[in-house]
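Data first, discussion second: the structure below is written as structure tokens.
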Amino acid sequence: MNYWLMKSEPDVYGITNLEQQGKTVWDGVRNYQARNFMRQMQPEDLVFFYHSNTKTPGIVGLMRVVKTDIIDPTQFDLKSEYYDPKSTLNSPRWQTVLVEFVEAFANCISISVLRGKFDADELILLRKGNRLSVMPIVEDVAVKILAMKGNSLNIEPLSIE
DNA sequence: GCCAACGTTGGC
DNA sequence: GCCAACGTTGGC
């Protein structure tokens with residue numbers, strides 16, 4: 001079982017949306033490195049849900065991989081902003097995963113708190129200029145993050161959105 | 001294959 | 001809103 005982190009802008013799709021829906025196909029990833037990490041995912045893997053591009057960016061919850069190797073349907077959808085004219089039905093470029101909601105943390109573990117706890121070597125998220133939206137988390141770090149989720153000393157309140 | 005120009009990401 | 005860092009595009 002492996003751990004991952006995936007980013008989403010809460011204005012577009014946040015942890016609340018996933019909680020309501022229960023499951024979602026993580027569509028719209030158009031970066032090869034991120035896609036390649038999703039190809040490595042296995043059912044039962046745990047994924048931290050990260051809110052990016054918001055007042056308090058950080059980890060807000062947990063989800064679980066249900067099904068892998070899903071063809072991202074938006075690549076064929078002319079009306080989608082993720083439509084990819086170079087993708088064909090015979091050889092689709094973009095695969096993704098189906099994930100299910102596990103939990104929403106009581107508080108956001110903000111990137112500044114994560115910076116205080118980990119360094120860039122152990123957490124890709126913290127690397128300078130990092131823009132990757134899907135990344136692996138080593139177990140040691142994942143366990144520490146999970147231990148932080150209930151510790152009010154280490155967290156900041158979720159901003160009201 | 002190089003690389004400048006451009007568009008996007010995302011923290012601050 | 002700013003802007004550094006990054007990925008992609010396309011001319012050559």
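Labels below follow one simple rule: chain letters A, B, ... track the order of the sequence lines, proteins then strands, and each chain is numbered from 1. Predicted model only: the values in this text are computed from it and were never measured.
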Mind jotting down which residue pairs meet the side-chain hydrogen bond (donor to acceptor under 3.5 Å, both in side chains) criterion with at least one end in residues 14-27 of chain A? Sequence neighbours excluded, please.
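For residues 14-27 of chain A: A:Tyr13-A:Gln21.
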
Side chain to side chain donor-acceptor pair (under 3.5 Å) against [X], all qualifying residues, sequence neighbours excluded:
X       : answer
A:Arg39 : A:Gln95
A:Thr88 : A:Ser91
A:Tyr83 : none

Please report the distance, rounded to the nearest Å, between CG in A:Asn36 and P in C:dG7.
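Taking CG of A:Asn36 and P of C:dG7, I get 13 Å after rounding.
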
With sequence neighbours excluded, what pairs up with A:Asp140 under the salt bridge (charged side-chain N to carboxylate O under 4.0 Å, His left out) test?
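Per chain and number, A:Asp140 pairs via salt bridge (charged side-chain N to carboxylate O under 4.0 Å, His left out) with A:Lys144.
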
Short side-chain N/O contact from A:Lys128 to OP1 or OP2 of C:dA4, under 4.0 Å:
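So the side-chain polar atoms of A:Lys128 never come under 4.0 Å of the phosphate oxygens OP1 or OP2 of C:dA4.
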
Which atoms of nucleotides 9-12 of chain B (N or O only) lie under 3.5 Å from a protein N or O atom, and what are those distances?
unit_1	atom_1	unit_2	atom_2	d
B:dG10	OP1	A:Lys7	NZ	3.1
B:dG10	OP1	A:Arg131	O	2.9
B:dG11	OP1	A:Tyr50	OH	2.7
B:dG11	OP2	A:Asn53	N	3.0
B:dC12	OP1	A:Arg115	NH1	2.9

